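Structure, as structure tokens:
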Amino acid sequence: MIYKQFQDRKLSALGFGCMRLPTVDGNDANVNEAEAAQLIARAMEGGVNYYDTAWGYHAGNSETVMGRILKQYPRDSFFLADKFPGYDLSNMDKVEEIFDQQLEKCQVDYFDFYLFHNVCEMNIDAYLDPKFHIYDSLIARKKAGQIKHLGFSAHGDLDTMRRFLEAYGKDMEFCQIQLNWLDWDFQNARGKTELLDAWSIPVWVMEPLRGGKLAKLSDEYAARLKELRPDENIPAWAFRFIQSLDLPPVTVTLSGMSTMEQVEDNLNTFAEEKPLNPQELKTLLDIADSMTERTSVPCTACWYCTTHCPQGLDIPMLLELYNEHVFSGGGFIAPMRVAQLPDGKKPSACVGCRSCEAVCPQQIKISESLADFSAKLGL
């Protein structure tokens, strides 16, 4: 197992994400605890010492199951991460109550790592609102020893991350972002790592396989990678990509493992670092471009369109979200961000005048894209 130094702690480079534990009959709320315990036992044996759970995982049952499983191991043999569930605005005034319940559910006296969960456009104002006492409460818990290290996870855009960092960055010890070779440019993971590097904040990686989407590629793309590394399986390329980054260096890469095969594959991959060489990295990013181009409108954010929109829509931003929604086949990111826009700035506000299209260098049929986006979002 590869280990990374974080302050005075040695963390396994592979972290066990507890959002995709094995279930009974495909029911996400019904965790197969016996199978999960076997996976954890093998991960422990293989050197994994970082386990990441959250209030909402498995309909609230991940914390409870992990509490029972990890109770069988010495407390100093693992690091446990949990999060304040700010993705649900109804939780904002319950930080003390929820934290106490999380300790109880996980059967621990402290969390090694604790995060503001999913900082994004939907909740940034609430997270920064002093009336909820979230920051003050978590800082107090840290001073009391119930949180050893405080950080945040983010699905928001760069501006949202900047707002959060400007308010709380001096106390953030790590940040967890969605980072993989497809989203390096597609969701600007590159820019987010550069922002965190400017703040000297270590990176934790979530969704390295984009929910499994990068674990299996088309025969065309898989053949290109196999030609370069015949013995490397396709999922391993995602982890090798992360091992190639150094701005800033990645400390923990989380993988949501639900089968023993996945655990064994990941343990094998993380037995040693095998970063990509320049040719391999270029090939991988070329494949990413090809994958996204097949479903994306080719907006370059030149902003010509916005000067001709009678509704004053942020068309490049809306098209960026449209591309994400189409490529992902849905998901929560685009609906979450669009929901925070005023009605007059949502894609449904487009009147179809096509003034923007008359000046678009890429000749994008913007009005049709926004209409399709509105339909997909049910607006």
Side-chain angles (χ1 to χ4, degrees), residues 6-7 9 11 15-21 28-31 33 36-37 40 49-120 122-155 164 167-168 170-176 204 206 252 254 256:
F6 173 76
Q7 298 183 21
R9 304 185 182 249
L11 308 179
F16 200 118
C18 303
M19 186 175 71
R20 297 187 176 94
L21 298 172
D28 187 64
N30 190 0
V31 177
E33 190 166 336
I40 300 301
N49 63 15
Y50 190 97
Y51 297 85
D52 173 275
T53 188
W55 181 259
Y57 293 173
H58 288 289
N61 294 318
S62 175
E63 291 170 325
T64 304
V65 168
M66 290 305 299
R68 287 195 289 262
I69 293 175
L70 293 176
K71 192 68 173 178
Q72 309 306 312
Y73 300 89
R75 184 63 183 90
D76 62 358
S77 67
F78 63 88
F79 300 107
L80 180 61
D82 209 335
K83 313 173 186 75
F84 173 71
Y87 55 83
D88 183 344
L89 295 178
S90 68
N91 291 329
M92 290 302 185
D93 61 351
K94 302 181 180 68
V95 59
E96 296 286 347
E97 171 189 344
I98 287 175
F99 190 90
D100 286 335
Q101 288 185 47
Q102 289 176 309
L103 288 176
E104 182 178 351
K105 290 171 70 177
C106 291
Q107 300 189 48
V108 294
D109 297 321
Y110 64 90
F111 292 113
D112 300 282
F113 296 86
Y114 197 82
L115 301 83
F116 292 78
H117 198 174
N118 186 18
V119 174
C120 62
M122 175 190 70
N123 57 31
I124 183 64
D125 290 332
Y127 266 143
L128 300 185
D129 194 329
K131 75 179 181 183
F132 293 122
H133 307 291
I134 299 169
Y135 167 80
D136 291 338
S137 175
L138 297 184
I139 290 295
R141 297 282 187 166
K142 184 179 178 185
K143 290 179 179 178
Q146 292 180 307
I147 295 173
K148 302 302 181 182
H149 300 285
L150 184 62
F152 70 108
S153 67
H155 278 290
F164 186 85
Y168 304 145
K170 63 182 179 62
D171 295 303
M172 295 298 105
E173 299 174 80
F174 65 105
C175 177
Q176 192 165 297
W204 266 230
M206 57 182 164
V252 175
L254 296 171

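Note that these values count all heavy atoms, side chains included, but never hydrogens, waters or copies made by symmetry. Quantities reported herein were computed from a predicted structural model and do not represent experimental measurements.
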So, [X] side chain and [Y] main chain: donor-acceptor pair closer than 3.5 Å or not?
X      : Y      : result
Asn49  : Phe79  : no
Tyr51  : Phe78  : no
Asp52  : Gly17  : no
Ser153 : Asn118 : yes
Asn123 : Gly86  : yes
His58  : Val31  : no
Lys143 : Ile139 : no

>> With ring pair (Phe, Tyr, Trp, His ring centres under 6.0 Å) as the criterion, how do Tyr87 and His155 come out once you've worked through the C-alpha distance, each side chain's angles and the decisive distance to 0.1 Å?
In response: CA-CA 10 Å; Tyr87 55 83; His155 278 290; over 10 Å; no
>> Before you tell me yes or no, could you show the steps for Asp100 and Lys94 under salt bridge (Lys or Arg N to Asp or Glu O under 4.0 Å), namely the whole-Å CA-CA distance, both residues' side-chain angles and the distance that decides it to 0.1 Å?
In response: CA-CA 10 Å; Asp100 286 335; Lys94 302 181 180 68; over 6 Å; no
>> Any salt bridge linking Arg20 with Asp28? Criterion: basic side-chain nitrogen under 4.0 Å from a carboxylate oxygen.
In response: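 Asp28 and Arg20: not salt-bridged.
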> Should the pair Glu173-Lys148 be classified as a salt bridge under the 4.0 Å nitrogen-to-oxygen rule?
Replying inline: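 Answer for the salt bridge query: no.
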> Taking the six-membered ring of Tyr110 as reference, does the NZ or CZ atom of Arg75 fall below 6.0 Å from its centre and within a 45° cone about the axis?
Replying inline: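 Output yes; distance and angle both within limits.
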Non-hydrogen atoms of [X] and [Y] that approach each other most closely:
X      : Y      : value
Ile134 : Ala126 : CD1-O, 4.4 Å
Ala54  : Ser62  : O-CB, 4.4 Å
Ala167 : Leu128 : CB-CD2, 3.6 Å
Leu80  : Cys106 : CD2-CB, 3.9 Å

> Can you list the steps and then say if Phe99 with Phe111 is a ring pair (Phe, Tyr, Trp, His ring centres under 6.0 Å)?
Replying inline: CA-CA 10 Å; Phe99 190 90; Phe111 292 113; 5.6 Å; yes
>> Classify the ring geometry of Tyr57 against His117: parallel below 30°, tilted from 30° to 60°, perpendicular beyond 60°.
In response: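 Perpendicular: the ring planes of Tyr57 and His117 meet at over 60°.
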>> If you define the side chain from C-beta out and look only at heavy atoms, does anything of Gln7 sit under 4.5 Å from His149?
In response: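 In short, these two side chains touch, coming nearer than 4.5 Å.
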> Can Tyr50 and Trp204 be said to form a side chain to side chain contact (heavy atoms under 4.5 Å, CB included), step by step?
Replying inline: CA-CA 11 Å; Tyr50 190 97; Trp204 266 230; 2.9 Å; yes
[atom1]/[X] to [atom2]/[Y] distance, rounded to the nearest 0.5 angstrom?
X      : Y      : atom1 : atom2 : answer
Glu63  : Asp82  : CD    : CG    : 4.0 Å
Met206 : Leu115 : CE    : CG    : 9.0 Å
Asp76  : Asp112 : CG    : CG    : 10.0 Å
Phe16  : Leu70  : CZ    : CG    : 10.0 Å
Asp109 : Gln146 : CG    : CD    : 8.5 Å

>> Assess the residue pair Gln176 and Leu254 against the criterion (side chain to side chain contact (heavy atoms under 4.5 Å, CB included)); give the C-alpha distance rounded to whole Å, side-chain angles, the decisive distance to 0.1 Å, and a yes or no.
In response: CA-CA 9 Å; Gln176 192 165 297; Leu254 296 171; 3.5 Å; yes
> Run the side chain to side chain contact (heavy atoms under 4.5 Å, CB included) check on Val95 and Leu138 step by step: do they pass?
Replying inline: CA-CA 8 Å; Val95 59; Leu138 297 184; 4.0 Å; yes
Check whether the side chains of [X] and [Y] place a donor and an acceptor atom closer than 3.5 Å, and report yes or no.
X      : Y      : answer
Asp171 : Tyr135 : yes
Ser137 : Glu96  : yes
Gln102 : Tyr114 : yes

> Checking ring-ring contact (aromatic ring centres under 6.0 Å, His included) against Phe116, which of Phe164, Phe152, Phe84 comes through?
Replying inline: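 The passing option is Phe164.
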> Going through the distances and angles, do Val65 and Arg68 end up as a side chain to side chain contact (heavy atoms under 4.5 Å, CB included)?
Replying inline: CA-CA 5 Å; Val65 168; Arg68 287 195 289 262; 4.1 Å; yes
>> Against Gln101, only a single residue in Glu97, Glu104, Lys105 fulfils side chain to side chain donor-acceptor pair (under 3.5 Å); can you say which?
In response: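 Of all the options given, the one that passes is Glu97.
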